[in-house]
Amino acid sequence: MKLIYQALFDYFCFGKKFLVYNMVSRNIKSKYDRSFIGLGWTLLSPMMLALIYYIVFKKIMHVQMEHYLAFILSGVLPWAFFSQCVMEGMDSIVGNAGLVSKIPIPLQALTFVNALTNLITLSASIPILVIISASQGIPLGWHTLLVFYFYIVLFLVAYGLALVLSIGLVLFRDLRHVMTLLMQIWFFGTPVVYSFAMIPEQYRIVIHLNPVADAISGLHTIFTDGVTPGIKTLAVSGIWALIFTLVGIAFMRKRFLGILEKL
Amino acid sequence: MTEPVIEVKNLTKSFDHWLDQPHSFKNLLTRLSKGKWNPFVVGKQYTVLNDVSFDIYPGEFVGIMGRNGAGKSTLLKLISGIYTPTRGTIETRSIIAPLIELGAGFHPDLSGYENIFLNAAILGFGKKATEAIVPAILEFSELGEQIHKPIRNYSSGMMARLGFSVAINLAAPVLLVDEILAVGDAGFQAKCLSKIDEMHRSGRTIVLITHDPNAIERHCSRCIVIENCEKVYDGNARDGAEYYKKLVM
């Protein structure tokens with residue numbers, strides 16, 4: 001029991017609050033240049049992407065779906081967060097080589113800080129999604145708060161994955177290119193621009209094996225159907241978050257031992 | 001007798017040769033295609049430190065000397081816990097602040113003041129410890145009003161002053177100082193060394209790595225010389241400096 005507590009304590013950097021706070025605020029300040037409007041820049045590119053998908057799928061290909069704008073935004077914004085979290089987090093050891101090879105610092109803290117910075121950015125997407133949804137007459141209520149649950153699921157999956165990849169990148173520098181490719185495939189393998197219901201019945205079981213599929217389709221349900229996502233969606237996405245947390249902890253423990261010599 | 005704060009026993013550190021090659025899948029595949037089933041095991045290793053032992057006691061001012069590539073910095077990284085020993089053990093019984101690089105994690109867009117907190121956090125200190133030393137840092141760094149400007153506008157000397165002030169004022173009982181004094185003007189260097197002296201007099205333990213035998217003679221109480229991966233001298237500073245001078249001549 002104590003061991004579990006200790007592992008979680010280290011994994012979520014509870015002992016390093018001052019470090020995490022300072023590094024996150026450094027990231028936010030430098031990214032957004034101290035202005036709140038600056039935050040818009042980070043959300044602007046996924047929103048542009050969403051707009052493009054909206055035009056292509058709705059206006060040109062005439063996809064038969066109501067509230068397609070709300071649908072596409074509630075998929076693309078979280079996905080953009082997830083993919084940025086993974087790709088930036090992967091670089092947290094190699095990209096900070098100058099720092100980690102000189103100062104003893106818990107390596108998971110760097111990945112954690114990156115994931116947290118991105119999560120804060122993502123939370124700025126909530127008002128956008130709420131406004132778009134509400135303007136299309138989709139009922140919002142207590143169940144809308146489940147958005148936080150799914151965001152945390154995405155955060156945990158991205159953090160665990162980024163941690164493993166950050167070690168991988170030290171050993172294989174071309175992992176970056178591999179991941180760029182994989183993330184593109186992953187994007188189309190996830191119900192982001194299409195809905196879970198569009199997937200043929202016999203393949204639906206496979207899609208649950210995609211760690212972020214349920215979380216994103218849960219977000220779709222909240223912002224386009226305006227109802228509480230099914231228990232299955234909640235459970236499967238929660239299980240994935242748990243799995244990635246355990247994997248992350250396992251890698252953190254094994255560590256990192258001897259990884260810095262390879263930098 | 002008091003316990004040593006740093007206890008190094010039979011320390012050996014080797015690196016794998018495969019680390020010299022580019023780490024990539026491409027490389028891995030090439031090796032696999034040559035019929036090496038486990039491409040990570042090359043067998044060949046090169047040793048950087050071989051069977052080094054020494055103890056450092058509280059209150060000592062130890063200078064470590066050695067030629068380029070003798071393994072000084074590796075030793076420091078081992079003591080501060082960045083590297084893990086191949087064989088042997090290192091025991092540390094106190095908080096150790098490595099001054100291997102000044103201003104670690106400094107961000108150019110943040111002000112000097114904000115960077116103090118960031119740097120202290122990265123060095124492993126908490127909020128209270130940092131707030132307590134802010135006045136001392138402001139005084140020592142001589143930055144005045146500049147402290148609230150983004151440090152991208154600082155000169156490298158100003159940056160070094162700020163970094164050194166943060167590191168030196170943090171209350172670590174043991175300081176590991178690598179050759180960081182190469183930056184900054186001569187006046188500042190002298191100031192840094194006298195500050196380190198002052199820290200030593202107030203009871204801190206200092207481990208200083210340098211090429212400069214004169215600095216060792218002037219400041220240290222003890223000296224360790226490393227040559228060809230091994231400890232070749234360990235004793236009083238004056239004789240150590242002489243020994244080193246003969247060695248490199």
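Order of the sequence lines sets the chain letters (A, B, ...), proteins ahead of strands, with each chain counted from 1.
Contacts of A:Ser101 with chain B are made by both backbone and side-chain atoms, with heavy-atom separations under 4.5 Å. Interface residue A:Val178: only side-chain heavy atoms are found under 4.5 Å from chain B. For A:Leu99, the part sitting under 4.5 Å from any heavy atom of chain B is the side chain, from C-beta outward, and nothing else.
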Pairs under 3.5 angstrom only: tabulate donor-acceptor contacts from the side chains of residues 119-133 of chain B to other protein residues two or more places apart or in another chain.
unit_1	atom_1	unit_2	atom_2	d
B:Asn119	ND2	B:Ala104	O	3.0
B:Thr130	OG1	B:Gly126	O	2.6

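A ring-centre distance under 6.0 Å is found for A:Tyr159 and A:Phe112.
Note on A:Leu19, A:Val20, A:Leu169, A:Val170: by heavy-atom pairs under 4.5 Å with chain B, the leading option is A:Leu19. Ranked by heavy-atom pairs under 4.5 Å with chain B, the list A:Lys16, A:Lys102, A:His177 is led by A:Lys102.
Judged purely by distance below 3.5 Å, without hydrogens or angles, the side chains of A:Tyr151 and A:Ser125 pair a donor atom with an acceptor atom. Using a 3.5 Å distance cut-off with no hydrogens or angles, the side chains of B:Asp51 and B:Thr12 do not pair a donor with an acceptor. Side-chain contact annotation: A:Ser237 with A:Asp214, donor-acceptor N/O pair under 3.5 Å absent.
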